[in-house]
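Have a look at the structure below, then the notes.
Not measured: the values here are computed from a predicted model.
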Amino acid sequence: MSSFGKQKPSNLEKPIGKGKPEVNIATFALLFSEIVQYCQNRVHTVPELQTKLSELGQHVGSHMLDVIFLREKGFKREIKLLSMLIFIKSTFWKIVFGKEADKLEQANDDDKTYYIIEKEPLVNKFISVPKDKGSLNCAAFTAGMLEAVLNGANFPAKVTVHWHKGTTFMIKFDESVITRDKTVDSR
């Protein structure tokens, strides 16, 4: 019998399952701690470290976007701003962190600015910050993920992380997003 008969299909040919794989929290904590140490050894200041973490988060977020929309939404992308923000606060956050984000708010004085508030982000839970880096917020990694997801879904935005009510992710959308959203609403 020939060994060239039936070939096993490659991973790329297999369908994507709908399973909900979970990562052990201790494994995640160890891996993320190593990521922070890796970044810390390549920078000199806290803002540089947060930028480096954000860049790595953007890389992760951009790869997650298509898989999440494929698995959770059946290729349907959000076109309305509020729907996208609710998707991030609920579905995206549940997939990545196992629960919904604590709060979603809009800035009172700016229609381009929104906040996602997380009292105790998972990425900060297992990181002990040295005294000389007291302002470090490792949730910059998550901010990078959010920015990549929003930009990849055609909602150009800049996402920054701040210590306020726990950790606050400040999302500043490009003016084109607000204009497009108003146009969609008027139809």
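Within a 6.0 Å sphere centred on NZ of Lys89, other residues, nucleotides and ligands contribute more than 12 heavy atoms. More than 12 heavy atoms of other residues, nucleotides or ligands shown are found within 6.0 angstrom of NE2 on His162. Enclosure of atom NZ in Lys125 is not indicated, since only 12 or fewer non-hydrogen atoms of other residues, nucleotides or ligands lie within 6.0 angstrom.
Here the closest non-hydrogen pair linking Leu65 and Gly152 is CD2-C, 3.4 Å. Heavy-atom minimum distance, Val46 versus Ser135: CG1-OG, 3.5 Å. When every heavy atom of Glu78 is checked against every heavy atom of Ser83, the shortest pair comes out as OE1-CB, 3.1 Å. Here the closest heavy-atom approach between residue Ala143 and residue Val161 is recorded as CB-CB, 4.4 Å. Here the closest non-hydrogen pair linking Ala157 and Asn151 is N-OD1, 2.8 Å. Smallest separation of non-hydrogen atoms from Val36 and Cys138: CG2-SG, 3.9 Å.
By the 4.5 Å heavy-atom criterion applied to side chains, Val60 and Leu56 are not counted as neighbours. Residues Thr91 and Lys94 fail the side-chain proximity criterion, which asks for heavy atoms closer than 4.5 Å. Between Met64 and Met145 there is a side-chain heavy-atom pair separated by less than 4.5 Å.
Residues satisfying the side-chain contact (heavy atoms from CB on, under 4.5 Å) criterion with Ser176, sequence neighbours excluded, are Pro156, Asp174.
Taking the centre of each ring, Phe32 and Phe141 come in below the 6.0 Å mark.
Grouping the Ile, Leu, Val, Met, Phe, Trp and Tyr side chains by contacts below 4.5 angstrom, directly or via other members, places Tyr115 apart from Leu81. Under the 4.5 Å side-chain heavy-atom criterion for ILVMFWY residues, no single connected hydrophobic cluster contains both Trp163 and Ile116. Two different hydrophobic clusters hold Leu30 and Val96 under the rule that ILVMFWY side chains link at heavy-atom gaps under 4.5 Å. Hydrophobic clustering keeps Met170 apart from Val159 (ILVMFWY residues linked when any side-chain heavy atoms are closer than 4.5 Å, directly or through intermediates). Using a 4.5 Å cut-off between side-chain heavy atoms of Ile, Leu, Val, Met, Phe, Trp and Tyr, with links allowed through other members, Ile95 and Phe92 fall into the same hydrophobic cluster.
Between atom CD1 of residue Ile117 and atom CG of residue Asp102 there is a gap of 8.5 Å, rounded to the nearest 0.5 Å. Remark: Ile88 CD1 to Ile68 CD1 distance equals 9.5 Å, nearest 0.5 Å. Interatomic distance, CG of Leu122 versus CZ of Phe28, reported as 4.5 Å (0.5 Å rounding). The distance from atom CG of Asp181 to atom NZ of Lys112, rounded to the nearest 0.5 Å, is 14.0 Å. Between atom NZ of residue Lys182 and atom CD1 of residue Ile178 there is a gap of 7.0 Å, rounded to the nearest 0.5 Å. Note that CG of Asn137 and NE2 of His164 are 13.0 Å apart. Values are rounded to the nearest 0.5 Å.
Salt-bridge check for Glu118 with Lys99: passed, with a basic side-chain N closer than 4.0 Å to an acidic carboxylate O.
A cation-pi arrangement is not found for Arg180 relative to Phe173, the charged atom failing to lie both closer than 6.0 Å to the ring centre and inside a 45° cone about the ring normal.
In this structure, Phe97 and Trp93 have tilted ring planes: the angle between them lies in the 30° to 60° band.
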